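For reference, the structure is listed below as structure tokens.
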Amino acid sequence: MADYHFVYKDVEGASTQWDDIQRKLGNLPPKPPAFKPPPFEPAADPDSAPKDKSWIDQKTEEELEDLEDDLDDDRFLEEYRKRRLAEMREAAKVSKYGSVMQISGSGFVQEVSQAPQDVWVVVLLYKEGFPDCTVLLRCLEELAVKYPATKFVKIISTECIPNYPDCNLPTLLVYNSGAVKANYVGLYSFGRRCTPEGVALVLCQSDPVLNDGQSVGERSQKAVLEGVRRRFIEKIVTEHEDQDDGGSSSD
């Protein structure tokens, strides 16, 4: 016996006229929309992207090397490619430290005096149990993370200098090319309240001691110095705002 309830549907999801009548009467749910594939969009062609400085900046060192013969017609981009490649190679040579390393008296010459000439070394003379030493060490640990191309080390004061007075702790020595470039005795050398921003500002007053390792050259040094000054000012402004808020709430 024939099945009179069979409804034919084609590949597009269309139905018979009977179905349409039943939907109008509410006996069938609304007809689902016909399937339509998304419009075809060809994949982006990397070679069709505009070639400018930002395009060069996105390339890896290996990709820049492969472009050596492709930019001969564009003298500006070829010169920029060479300069960018040189910067990347130079930056790769910069040592990365990223923490405050403990050293001993026997290792001072190797770790500090014989450090590479392009590396600044910040040496903390300290002793355990001195609160001021702990405060300054915490500041240096934060700076070591932000500026991993600057070498930060700590050494027990009397291991570095026999009979060094405890009243001078903490002491910070700054070395470059095997010579002392600056020294700071006592916590108050870094202001009334010792903060990482304040220590960074003092360290960079006369020389570009801090190095983030991201780029090289005079432009990079200026960028680091500007960043140090900006963070110091932001810290001062934030402290004043907090003090003002505290004073208002107490009234």
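Because only heavy atoms are used, hydrogens play no part in the values below, and waters and symmetry mates are left out as well, while side chains stay in. All figures in this text were calculated on a predicted structure; none of them were measured in a lab.
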Given side chains that start at C-beta, do those of L210 and W120 come closer than 4.5 Å, heavy atoms only?
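No, their side chains stay 4.5 Å or more apart.
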Please check: side-chain N/O of T150 versus main-chain N/O of V209, any donor-acceptor pairing under 3.5 Å?
yes
Keeping D212 on the side-chain end and P148 on the backbone end, is there a donor-acceptor pair under 3.5 Å?
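Absent.
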Is it the case that one hydrophobic cluster holds both [X] and [Y], taking links as side-chain heavy atoms less than 4.5 Å apart, direct or via other members?
| X | Y | value |
| --- | --- | --- |
| M101 | Y175 | yes |
| V185 | V180 | yes |
| V145 | V122 | no |
| I161 | V121 | yes |

side-chain hydrogen bond (donor to acceptor under 3.5 Å, both in side chains) with [X]: which residues, sequence neighbours excluded?
| X | result |
| --- | --- |
| Q102 | Y126 |
| S104 | S106 |
| T171 | Y164 |

Would you give the length of the straight line joining atom [atom1] of [X] to atom [atom2] of [Y], rounded to the nearest 0.5 angstrom?
| X | Y | atom1 | atom2 | result |
| --- | --- | --- | --- | --- |
| Y147 | N211 | OH | CG | 10.0 Å |
| L136 | R138 | CG | CZ | 11.5 Å |
| N183 | S189 | CG | OG | 8.5 Å |
| L203 | L143 | CG | CG | 7.0 Å |
| L140 | S99 | CG | OG | 11.5 Å |
| L137 | D132 | CG | CG | 12.5 Å |

Take Y97 and F152 through the ring-ring contact (aromatic ring centres under 6.0 Å, His included) test and state the conclusion after the steps.
CA-CA 8 Å; Y97 302 102; F152 289 85; 9.1 Å; no
Shortest non-hydrogen separation from C139 to V199 and the atoms involved:
CB-CG2, 4.1 Å
Apply side chain to side chain contact (heavy atoms under 4.5 Å, CB included) to residues V112 and I103 and explain how you reach the verdict.
CA-CA 9 Å; V112 179; I103 64 172; 4.0 Å; yes
Residue pairs, two or more places apart or on separate chains, that pass salt bridge (Lys or Arg N to Asp or Glu O under 4.0 Å) and touch residues 144-169:
E111-K151, K127-D166, E142-K146
Among residues at least two apart in sequence or on other chains, which ones pass side-chain contact (heavy atoms from CB on, under 4.5 Å) with V135?
L187, C194
Checking C160 now: which residues fulfil side-chain contact (heavy atoms from CB on, under 4.5 Å) with it, not counting sequence neighbours?
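With sequence neighbours excluded, C160 shows a side-chain contact (heavy atoms from CB on, under 4.5 Å) to F108, L125, I155, given in chain and number order.
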